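Below you'll find the structure, written out as structure tokens, and then a few comments.
In this text, all values refer to a predicted model and were calculated from it rather than measured experimentally.
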Amino acid sequence: MRRPILLIVLALLCLVPHRPARAVEAVRVSLDSTAVDLTPVVERFTGQGDRIQISTAPGPDGIVRRIEVGAKQSGTKPNWIVFALTNDTDEQIERLLVAPHFRLVGSGLVWPDLGATRISAITASQGFSPETQDSPDADIFRVTLDPGATVTYVAELRTPNLPQLTLWAPDAYKDQITNLTLFKGIVIGIAGLLALFLTIVFVVRGAVIFPAAAALAWAVLAYVCIDFGFWHRLFAVGGDADRVSRAVAEAVLAATLFVFLFAYLHLNRWHVRYGHIGAAWIVFLAALVGFALYDAPVAAGVARITLAAVAGIGLILVLYLSTHGYDRAVMLIPTWFLLSMWVTAAGFTVEGSLSNDLVSPALMGGLVLLVMLIGFTIMQNAFAGSGLGHGAVSDSERKALALTGSGDIIFDWDVDADRIYVSPEIEHQLGLKRGSLEGPASGWFDLLHGFDRERYRASLDTVLEQRCGRISHHFRLRAADGHYFWYSLKARPVVGQDGEVVRVVGTLSDCTDSKVAEERLLHDAVHDNLTGLPNRELFFDRLDAALTMGQSAGAARPSVITIDVDRFKAVNDQVGPSVGDSILLTLARRLGRLLRQQDTMARIGGDQFAFIIMSEQNIDAVQALADTLRRTLATPITFGDHEIALTCSGGLAPFDPGVHAKRETMLQDAEVAMAHAKRAGGDRIEVFRPAMRAVRGERVTLEADLRRAVERNELKVHFQPIVRLEDRTIAGFEALLRWTHPRLGNVPPSDFIPVAEQTGLIVDLGIFALDRTARELAAWQAALDVYPPIYASVNVSSRQLLRHDLLGDVKSVLTRSGVLRNSLKLELTESLVMENPEYAAKMLGRIRDLGAGLSLDDFGTGYSSLSYLQRFPFDTIKIDQSFVRQNGKGSRPIILRSIVGLAHDLGMEVVAEGAESESDVIELSQLGCEYAQGFAFGQAITAAEARRLVGAASEAA
């Protein structure tokens, strides 16, 4: 009968849907054990449904029993843990079973465990059921073990995770909580004081780095309060609110750390993209804070990754900027290195590699110490040498700060003690020992330049006598190596109660660079830019002095020699402008070696040199010297594998007291003799004879007729079309002067323009051409409404450019005519602007500001360099016709393409002169040239014809 019943019971047990668990091993609990970590020994069960059957640990009698435990809510499938405890002592043992809600150790980097209530209920296999203890930080149950008892416990979990389960002796657990509470209170107090201190500093000083540091300190304080459980004790929050607050705190910590790094290193000043990246990152972190309300674990995981990224990228930035001499980054190296170590330790902790119970409190304390180091760093940076940066300063302090910022040197003369004090910077610059310039005012005389000593003495004496005024004086001081430095002294006297000057106080500033630039400007104004020789203006000045001296009895009398290289233009076209410049330099050096100190050599034209001979008074000796100059120029010049043989023609004008009262007369006589030499075949020197003035008389007659030509309306402005190659339409015109003489007929410009240049009439002719061209241009623009507007260009001579009145003339013409801005262009040649590049650059800039366009004419034939070309505000380059016309050279297209490419790189348009055939036009268009002029599009036409041409173009449009 028993066997069938037993079989029935076994069958019924098999029908039960719950799989029985195997027996667990019991953990022995002794009287002296204070804490036992049960985490590794608990057995976990999932998917058991709302009931679980387990086999208990064997008791003292060795019997294994089975118990069944049901969930608190039927129909659920909670997770379960099972463990067993054995008390093999003779005394009853009471312990606390503690499962912390949150544990940083092993919480995870991605989708971290942010804490929750871990255990819903615990069931014991025998004895008293565990009693629940109230605690906001952990699930605590009081467990009682009878002597010799082995009890199996089945715990129902609220969450899948159980980070830690520890069996504590009640007193030991209480002591640990007390110690940790004290530690937490200290850390929170330090963090709170640090946040409050940095906030106060931010209020006092408005630099952006202080609010960034204060925000970081408050974020750390909030994070520490939440991690230590102070937050939910203060506001009685828990559950989901605790997890959200923890995720928000980690996101805010990452954001404030990034803001601090960005503000401290001033990353936005290194590149504008850094500012954009920083703003985008801040927006992302702000959105992450909001996302924490929706999904706290994901937000916390992203925040932890972001925090690690900020630490790593920040370390790279700090090291990079430190190697580039950025002092702020150097000061941040120790703090950021410790922060990187802290992030590394925190990473090992959340991944479970560091599992000690003291790791989490130590990390929180370390975080507060890091913020403290950051505070020390910014305080050191902010107050080291900049204590007056943002606070209230007095007027004297502001003056002292301004003086320091200006870099000027202090000059203080104690008049009563006759002792001068200057800042040590000047002695260091001069290479003198410290204190060399301190002493009596007269002690400076040995270092002052000889030309500056009297003015220095007079300026100081004047201030002492007048007891008022101001010293503004420039002087030179000699350095230890013999060189002189220019200094500007600006000082005022300080008058005592007795009305006498007691001190002279001011500043010294180094003005060497400006003085050198000024001297260079003055030098360039009267010297040729290529050879460094005196130009025409300085030549005339020295000739004036020589003629004045020659009028005195017994004084040395000057002779003038002019020399012009024969057929130099052909040579220049053959070898190129750069080689031509080198030839002129070589000739200038050769000729200069033949002259004595009292003689003067000048370059008064492209290939024309002039000499004032004072060292020889005998006409035969002067003529021999002139012939020596001619033979010297005839010596061949070697360039590469080629020898270039040159000849020259010269004219000699001896001094004639009755005739040579004016400098122009003597130079003209020498040029007349030179012209005779050229007509005689060249390679010779002619001495001026009065009979030669007959030829000169024709020139004088032509000059007189030219003066009356404007009044008689004999001069007309003709216009040569400039065509846009893209569509063959009229883009503009070049204004050209034409003279119809009542007796001589049409006088070529090559005849009357040089006369106008020498006599100064070119200024009146230039104003006439400018005014007539502006009037016609205004009429064209009114009749032809197109864009870009039609333009016109007018040539400017050297005499016009050197006159300050040119600015007034251009402004007046533009105002009266009302032409569109930049449509009236002034054309200047390369050689013209390079005669005095410093002055030309300033004058052309002011002309451009008035609204006139600027065109560089005959590009490639002058003596300019690309470095100077960039300084001039030209908007158009006109290629010289020698580069455009077919000359059989294979390099021609390469040169043209280079010029066009250069102009476009400089933002200029290109006009090609000398387009004579359709093939020229097609080739220029293919090379990228925008405009062209020449016989292919017609010769210069009258104003009426130009008006009709513009009208026809308007109708065609």
Check: Would you find more than 12 non-hydrogen atoms of other residues, nucleotides or ligands less than 6.0 Å from Lys811 atom NZ?
Finding: no
Item checked: Pair Arg419 + Glu438: basic N to acidic O under 4.0 Å -> yes
Next item on the list: Answer yes when Arg663 and Asp544 have at least one side-chain N-carboxylate O distance shorter than 4.0 Å, and no when they do not.
Entry: yes
Checklist line | Donor-acceptor pair, side chain of Ser459 and main chain of Arg455, under 3.5 angstrom | finding: yes
Item checked: Val560 vs Phe539, side chain to side chain contact (heavy atoms under 4.5 Å, CB included): CA-CA, chis, key distance, verdict -> CA-CA 11 Å; Val560 173; Phe539 176 82; 4.2 Å; yes
Item checked: Minimum heavy-atom distance between Trp486 and Thr512, given as atom pair plus value -> N-OG1, 3.0 Å
Next item on the list: Give me the one residue out of Asp414, Ile471, Ile420, Val494 that meets side chain to side chain contact (heavy atoms under 4.5 Å, CB included) with Val504.
Entry: Ile471
Check: Would you say the side-chain atoms of Thr531 pair up with the backbone N or O of Leu533, donor to acceptor, closer than 3.5 Å?
Finding: yes
Check: Measuring from Leu826:CG to Met843:CE, what's the distance to the nearest 0.5 Å?
Finding: 11.5 Å
Checklist line | Summary of salt bridge (Lys or Arg N to Asp or Glu O under 4.0 Å) pairs that have at least one residue in residues 472-494, sequence neighbours excluded | finding: Asp452-Arg476
Notebook entry, point to check: Distance only, no hydrogens: is a donor on one side chain within 3.5 Å (strictly under) of an acceptor on the other, for Asp418 and Trp413?
Noted result: yes
Item checked: CA sep, side-chain torsions, deciding dist, call: Leu547, Leu543, side chain to side chain contact (heavy atoms under 4.5 Å, CB included) -> CA-CA 6 Å; Leu547 291 176; Leu543 184 57; 4.1 Å; yes
Notebook entry, point to check: Has the side chain of Trp444 got a donor or acceptor atom that lies under 3.5 Å from a matching backbone atom of Leu437?
Noted result: yes
Checklist line | Candidate pair Val501 and Gln466, rule side chain to side chain contact (heavy atoms under 4.5 Å, CB included), full reasoning | finding: CA-CA 9 Å; Val501 177; Gln466 300 294 330; over 6 Å; no
Next item on the list: Using a 4.5 Å cut-off on heavy atoms from C-beta on, say whether the side chain of Leu585 contacts that of Leu530.
Entry: yes
Note to self: Show the nearest heavy-atom pair for residues Ser559 and Pro654, with the distance to one decimal.
What the structure shows: OG-CA, 4.1 Å
Notebook entry, point to check: Of the non-hydrogen atoms in Ala670 and Ala653, which two are nearest, and what is the gap between them?
Noted result: N-CB, 3.7 Å
Note to self: Suppose the criterion is side chain to side chain donor-acceptor pair (under 3.5 Å): which pairs have a residue in residues 584-593, not counting sequence neighbours?
What the structure shows: none
Notebook entry, point to check: Atom CD1 in Ile613, atom CE in Met601: separation rounded to 0.5 Å?
Noted result: 10.0 Å
Check: Short question: side chain of Gln617, backbone of Met614 - any donor-acceptor pair under 3.5 Å?
Finding: yes
Note to self: Using a 3.5 Å distance criterion without hydrogens, assess whether the side chain of Ser488 forms a donor-acceptor pair with backbone atoms of His474.
What the structure shows: no
Note to self: Using 0.5 Å steps for rounding, measure from the OG atom of Ser797 to the CG atom of Leu765.
What the structure shows: 9.0 Å
Notebook entry, point to check: With a cut-off of 6.0 Å (strictly less than), are more than 12 heavy atoms of other residues, nucleotides or ligands near NE2 of His449?
Noted result: yes
Item checked: Pairwise side-chain contact, Asp875 with Arg848, heavy-atom cut-off 4.5 Å (strictly under) -> yes
Margin query: Is the shortest side-chain heavy-atom distance between Leu489 and Phe475 below 4.5 Å?
Written below: yes
Margin query: Quick check: closest heavy atoms across Leu321 and Ala329, and the distance to 0.1 Å?
Written below: CB-CB, 3.7 Å
Notebook entry, point to check: Can you find a heavy atom in the side chain of Asp541 that is under 4.5 Å from one in the side chain of Glu537?
Noted result: no
Margin query: Distance check, rounded to the nearest 0.5 Å: Ser855 atom OG versus Ile877 atom CD1?
Written below: 8.5 Å
Item checked: Where Phe655 and Gly550 come nearest, the two heavy atoms and their spacing -> CE2-O, 3.9 Å
Check: Are Phe485 and His483 close enough that their ring centres sit under 6.0 Å apart?
Finding: no
Notebook entry, point to check: Would a 4.5 Å heavy-atom cut-off, applied to side chains only, mark Asn795 and Leu828 as touching?
Noted result: no
Check: Who passes salt bridge (Lys or Arg N to Asp or Glu O under 4.0 Å) against Glu616, sequence neighbours left out?
Finding: Arg596
Item checked: Steps toward side chain to side chain contact (heavy atoms under 4.5 Å, CB included) verdict (Thr507, Ile409) -> CA-CA 5 Å; Thr507 61; Ile409 300 165; over 6 Å; no
Next item on the list: Flag the pair Thr773 / Val813 as yes when at least one side-chain heavy-atom distance between them is below 4.5 Å, and no otherwise.
Entry: no
Item checked: Side-chain heavy-atom pair Phe611, Leu591 within 4.5 angstrom cut-off -> yes
Next item on the list: Classify the ring geometry between Phe872 and Phe874 as parallel (under 30°), tilted (30 to 60°) or perpendicular (over 60°).
Entry: perpendicular
Item checked: Exam field: side chain Arg603 to backbone Gly606, donor-acceptor pair closer than 3.5 Å -> yes
Margin query: With rounding to the nearest 0.5 angstrom, report the OG to CG distance, Ser812 to Leu807.
Written below: 12.5 Å
Margin query: When you compare the side chains of Ser793 and Glu827, does any donor N or O come within less than 3.5 Å of an acceptor on the partner?
Written below: yes
Notebook entry, point to check: CG/Leu854 to OG1/Thr876 distance, rounded to the nearest 0.5 angstrom?
Noted result: 8.5 Å
Next item on the list: Could you tell me whether the side chain of Val794 reaches within less than 4.5 Å of the side chain of Lys825, counting heavy atoms only?
Entry: no
Check: If every non-hydrogen atom of Pro558 is compared with every non-hydrogen atom of Met666, which pair is closest and at what distance?
Finding: O-CE, 3.3 Å
